[in-house]
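Structure first, commentary second.
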Amino acid sequence: MDGMPQVKPARPVARGRLFFANPGPTNIPDSVLLATARASMDFNDPAFLAVYDACVEGLKKVLKTKQHLFMYTASGHGAWEASLVNTLSSGDHVLIPETGHFSDSWAKMAKALGLRVTLLEADWRRGIEMARIREALAADTSHDIKAVCCVHNETAAGTRLPVEQVRAILDEVKHPALLMADTISSLGCFDFRMDEWGVDVCVGGSQKGLMLPTGFSFTGASEKAMAAHRASKHPRHYFDWTEMLARRQKSFVGTVPVTLFYGLQEALRLMLDEEGLDNVFSRHARLAKAVRACVNHWSGNNGPQLFCQNPERASDSVTAVLMPEGHDAEKVRKIALERFNVSTGGGLNKLGGKVFRIGHLGDLNEPMILGTLGAVEMALSLAGVPHAKGGVQAAMDSLASS
Ligand code: PLP
């Protein structure tokens, strides 16, 4: 035996920190990393249970709910699955307004789980018109649709969907469908109010606005969702809320990711006590505005442009940048990573090679954003992509005035 296989460095050694501008996972604050550096512990140890209970309370504050919270040792896909199998039955009809890759993936999962899915197709760049959702729900006079599944922030397109307006439509047309919201890349980045907006099931994950490693996801559930759960006949086990309610933690069928909860405790302290949720949101809004100012500047000389064409829907978590015709986004990403140690997100699904994405969510400040934008601007030059130079200055001007 020769021991561990040697791993060759994938790229030249880079000094300094990796500038991580991916739209999830995101940067993890040092204090959160340190909080997770703990020896293993029994998940029924009273010392852990006290931390756990505080985390549940804190997470409910971020979700702005006083209702139920169920957690899973799974990435966001697990919470997506939990939302569907706990509240619906095979053959039930769900309406999914299309926002991009993630609405389509949730729809694909729903179909695979035996649900009937209507995906309301829409332009990924402009975001779906609310009138289309209203029309679909108003036409459903027999109330065949059992749930409306909305992606609050479409991570692939850099657009947001106003979930509160979907609630207003449901109320207006007196439709009893459950309102579900995927908050995976909006939670802890911009405002989400589960109870006030009448969201019945919301889906979230650890590795984005919560600034934690990937490793657990969760669903908030309203009393109405719990009633639907009791009536639902979908086969399930690991994600079963009834199984969970019988346990001390009221979540997790199986081992609880204890160390992540020590990280969550610290992340919640940073968000709720040290910075304050409203300040977290205004920081995200400020950084997002600066990124958009930069990309708008680059669009001169037929350069890359904002993928989102509807400013009202622009995301404060992530900006997708559309390349000029004939230029490959992957080339720019590769140069940014290999030359400047800056990691950005790639285009997903039909946007592969056409867009790159700058994540501006989580533990991030002005110099980190400016460093990323500077490296990307250099990468555009090195890749021979036309653009107006001076995007970073436009971002600096935006930051200085906001
Ligand atoms: N929904 C949204 C909006 C996402 O951004 C993601 C992942 O990026 C998912 C769902 C899927 O989550 P995961 O990759 O954690 O399974």
Side-chain angles (χ1 to χ4, degrees), residues 24-38 41 43-76 78-79 82 152-153 181-197 199 201-223 225 241 244-245 247-252 256-284 317 361-364:
T26 62
N27 293 291
I28 304 170
D30 291 346
S31 66
V32 173
L33 281 173
L34 286 171
T36 62
R38 299 182 65 94
M41 191 173 187
F43 56 83
N44 287 312
D45 185 318
F48 171 65
L49 289 172
V51 171
Y52 179 87
D53 290 345
C55 284
V56 170
E57 205 181 309
L59 196 49
K60 284 188 180 180
K61 282 188 184 157
V62 179
L63 290 164
K64 300 190 175 163
T65 185
K66 291 193 168 17
Q67 302 183 76
H68 304 267
L69 179 66
F70 298 101
M71 294 178 269
Y72 326 95
T73 309
S75 75
H152 191 209
N153 186 73
D182 169 340
T183 69
I184 288 180
S185 59
S186 60
L187 195 71
C189 307
F190 55 89
D191 203 12
F192 175 75
R193 302 169 184 228
M194 176 170 164
D195 290 356
E196 195 181 316
W197 296 352
V199 173
V201 183
C202 67
V203 175
S206 56
Q207 77 275 21
K208 302 209 190 234
L210 291 179
M211 311 180 290
L212 288 164
T214 310
F216 77 93
S217 57
F218 47 89
T219 45
S222 70
E223 293 304 338
W241 294 346
M244 292 180 180
L245 286 173
R247 293 172 190 241
R248 162 61 179 83
Q249 282 86 358
K250 310 266 181 242
S251 276
F252 296 107
V256 180
V258 168
T259 47
L260 282 177
F261 275 84
Y262 283 92
L264 178 61
Q265 182 188 33
E266 172 60 8
L268 291 169
R269 188 192 69 77
L270 296 177
M271 295 171 82
L272 297 170
D273 301 340
E274 195 176 278
E275 190 173 4
L277 212 45
D278 288 342
N279 293 328
V280 171
F281 297 157
S282 50
R283 175 169 53 82
H284 278 79
S317 308
L361 68 168
D363 188 39
L364 220 60

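Computed from a prediction, not measured in an experiment: that's the story for all the values here. Numbers here simply count residues along the sequence, with the first being 1.
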task = May I ask you to decide whether Glu57 forms a salt bridge with Lys60, counting only side-chain N to carboxylate O separations under 4.0 Å?
result =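 Not counted as a salt bridge, because no side-chain N and carboxylate O are separated by less than 4.0 Å.
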ask   = Quick one: do Asp363 and Arg283 make a salt bridge, cutoff under 4.0 Å?
value =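 No, no charged N to carboxylate O under 4.0 Å.
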Please examine the side chains of [Y] and [X], heavy atoms only from C-beta on, and report whether any two atoms are closer than 4.5 Å.
X: Leu260; Y: Pro213; answer: yes
X: Leu264; Y: Ser206; answer: no
X: Leu187; Y: Lys208; answer: no
X: Gln249; Y: Leu49; answer: yes

task = From the options Arg269, Glu274, Glu266, select the one residue that forms a side-chain hydrogen bond (donor to acceptor under 3.5 Å, both in side chains) with Ser31.
result =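 The side-chain hydrogen bond (donor to acceptor under 3.5 Å, both in side chains) with Ser31 is passed solely by Glu266 among Arg269, Glu274, Glu266.
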query = Can you find a side-chain donor-acceptor pair between Ser186 and Asn153 that sits under 3.5 Å?
reply =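 Not at all, the side chains of Ser186 and Asn153 share no donor-acceptor pair under 3.5 Å.
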inquiry  = Let's go through Ser251 and Tyr52 carefully: what are the C-alpha distance in whole Å and the side-chain angles of both, what is the deciding distance for side-chain contact (heavy atoms from CB on, under 4.5 Å) to 0.1 Å, and is it a yes or a no?
reply    = CA-CA 11 Å; Ser251 276; Tyr52 179 87; 3.4 Å; yes
inquiry  = Evaluate Val56 against Met71 for side-chain contact (heavy atoms from CB on, under 4.5 Å), listing each step before the verdict.
reply    = CA-CA 10 Å; Val56 170; Met71 294 178 269; 3.6 Å; yes
ask   = Who passes side chain to side chain contact (heavy atoms under 4.5 Å, CB included) against Asn279, sequence neighbours left out?
value =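 Residues passing side chain to side chain contact (heavy atoms under 4.5 Å, CB included) with Asn279: Glu275, Ser282.
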Inter-residue atom distance Ile184.CD1 - Leu210.CG, 0.5 Å rounding =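 Rounded to the nearest 0.5 Å, the CD1-CG separation comes to 11.0 Å.
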ask   = In terms of ring plane angle, is the pair His68 and Phe70 parallel, tilted or perpendicular, where the classes change at 30° and 60°?
value =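 Geometry flag for Phe70 against His68: parallel rings.
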ask   = Is the distance between the ring centroids of Phe43 and Phe261 less than 6.0 Å?
value =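 For Phe43 and Phe261, the ring centres are not under 6.0 Å apart.
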